[in-house]
Amino acid sequence: MSRIISLDDLRQIAADFIRAGGLAVAPVPFDNDRVFFQYIDEEGAGKIVLSGWLKAANTIKDFFFPRHEKLFSYERIHNDVVLADAPEFGKPQLLFGCRPCEAASLPILDKVFGWDYQDRFYQSRRRMTTVVTVACHKSDDDCFCSSVGGSPENTEGSDAILYNLADGTFEVRPVTERGEQLFEGKTSESTKTGKACPPPPVRFDASKCKTWMDGHFDSPFWNEHALRCVGCGACTYLCPTCHCFDIVDEGSYAKGNRVKNWDFCQSALFTLHASGHNPRPDQGARQRQRLMHKFSIYPDKFGKILCTGCGNCTRHCPTVLGVKPFLEAIEEQED
């Protein structure tokens with residue numbers, strides 16, 4: 001027997017979570033068939049969208065690794081500088097309705113923010129969040145989760161996964177104890193069971209591409225295939241696993257905050273030295289860094305590809321670049 005729940009009851013779970021003092025993040029209508037992940041209130045729970053293609057205009061990493069985050073404040077008092085740490089994330093959080101390729105980014109980011117330095121800001125958000133995903137019922141030409149070890153019903157990073165039964169109800173499959181507790185007593189038994197869509201075709205052989213990249217650092221391929229890159233950063237800002245950031249002091253000599261802000265490797269300023277030298281002087285070198293980080297450097301260090309195959313990098317690129325077109329072109333290289 002399976003366990004099912006109605007869309008109205010799912011929305012009620014979110015509303016009850018908020019009423020109990022927690023925070024809820026969910027996809028709400030944004031533009032045509034797209035949705036936007038955002039914090040909602042009790043009234044907003046009624047607008048949660050869990051069916052349709054759900055082309056999100058942002059990623060769930062915003063709620064674990066914010067675009068702008070205060071680390072500590074400083075104030076100069078006479079000859080002393082007084083520091084005050086920013087508080088850790090302190091409320092339970094429910095992240096509702098993301099796709100498996102989004103949730104799969106979380107175990108990847110865990111390694112980055114819990115490696116040689118323990119990032120208590122990220123870790124507190126991660127520790128306080130319950131993640132409920134929705135299995136995919138379709139894919140598009142930009143999806144490639146199957147090329148990086150994922151699938152339309154991947155449960156990595158999820159506490160529970162929902163399957164749309166197309167009749168206003170969803171099958172609930174808890175993955176962790178936290179997911180079990182969230183739905184305890186809120187489902188009914190049924191003989192109906194859901195299924196995800198077939199995985200997208202394998203677009204490239206990630207292992208073969210890594211081997212080629214490792215041996216062709218100075219290949220003209222990089223500049224040739226990056227000619228149309230405009231360095232806008234859409235690929236990195238809308239990637240659920242990209243995690244580059246800068247740390248700056250905002251304020252005055254007397255008082256201010258040290259903050260962490262998103263940064264991106266496709267910017268000409270990203271590696272610009274104070275001397276004026278830039279070791280990655282063009283978009284070819286910057287695209288090479290991004291691809292090698294995802295498919296060579298990170299896997300060598302952590303044993304996992306720094307990509308979930310969501311396709312956002314191509315889907316939102318103004319010149320239709322991104323991971324998939326690059327890796328497909330790499331696989332065609334003969335030397």
Participant: In terms of hydrophobic clusters joined by side-chain contacts under 4.5 Å, are Phe89 and Val131 together?
Facilitator: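 Yes; Val131 is reachable from Phe89 via cluster members.
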
Participant: Determine whether the aromatic ring centres of residues Trp212 and Phe221 are separated by less than 6.0 angstrom.
Facilitator: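 Yes, close enough.
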
Participant: Donor-acceptor pair, distance only, cut-off 3.5 Å: does the side chain of Ser151 make one with the backbone of Asn154?
Facilitator: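 Flag set: sc Ser151 to bb Asn154 pair under 3.5 Å.
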
Participant: Kindly say whether the aromatic ring centers of Phe65 and Phe113 come within a distance under 6.0 Å.
Facilitator: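 Yes - the distance between ring centres of Phe65 and Phe113 falls below the 6.0 Å cut-off.
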
Participant: Side chains of Ser73 and Lys255: do they bring a donor and an acceptor to under 3.5 Å?
Facilitator: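 Looking only at side-chain atoms, Lys255 and Ser73 do not form any donor-acceptor pair under 3.5 Å.
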
Participant: Compute whether any side-chain donor of one residue and acceptor of the other, for Arg258 and Tyr74, lie under 3.5 angstrom apart.
Facilitator: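 The criterion, which ignores hydrogens and geometry beyond distance, is not satisfied for Tyr74 and Arg258.
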
Participant: Just by distance, with hydrogens left out, do Gln93 and Thr129 show a side-chain donor and acceptor under 3.5 Å apart?
Facilitator: yes

Participant: Asp9 vs Lys186, test: salt bridge (Lys or Arg N to Asp or Glu O under 4.0 Å). Steps then yes/no.
Facilitator: CA-CA 8 Å; Asp9 285 343; Lys186 299 179 176 69; over 6 Å; no

Participant: Any donor-acceptor pair under 3.5 Å linking the side-chain atoms of Gln12 with those of Asp16?
Facilitator: yes

Participant: Do we see a donor-acceptor contact under 3.5 Å between the side chains of Asp167 and Thr169?
Facilitator: yes

Participant: Are Asn164 and His137 close enough that a side-chain donor and a side-chain acceptor fall under 3.5 Å?
Facilitator: no

Participant: Provide the closest heavy-atom pair for Leu162 versus Phe170 in the form atom of the first, atom of the second, distance.
Facilitator: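 Shortest heavy-atom separation between Leu162 and Phe170 comes out as CB-CD2, 4.1 Å.
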
Participant: Would you check if Ile60 and Leu106 make a side-chain contact, meaning some heavy-atom pair closer than 4.5 Å?
Facilitator: yes

Participant: Are Arg286 and Gln283 linked by a side-chain donor-acceptor pair shorter than 3.5 Å?
Facilitator: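 Side chains of Arg286 and Gln283: pair found under 3.5 Å.
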
Participant: Would you check, one step at a time, whether the test side-chain contact (heavy atoms from CB on, under 4.5 Å) holds for Phe204 with Ile330?
Facilitator: CA-CA 9 Å; Phe204 51 81; Ile330 287 173; over 6 Å; no

Participant: Does a side-chain heavy-atom distance below 4.5 Å link Tyr39 with Leu23?
Facilitator: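 With C-beta onward as the side chain, the pair touches.
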
Participant: Quick one: do the Tyr237 and Gln266 side chains pair a donor with an acceptor below 3.5 Å?
Facilitator: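 Distance-only check fails for Tyr237 and Gln266.
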
Participant: Do Glu171 and Ser2 have a side chain donor and acceptor closer than 3.5 Å?
Facilitator: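 There is no such pair between these side chains.
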
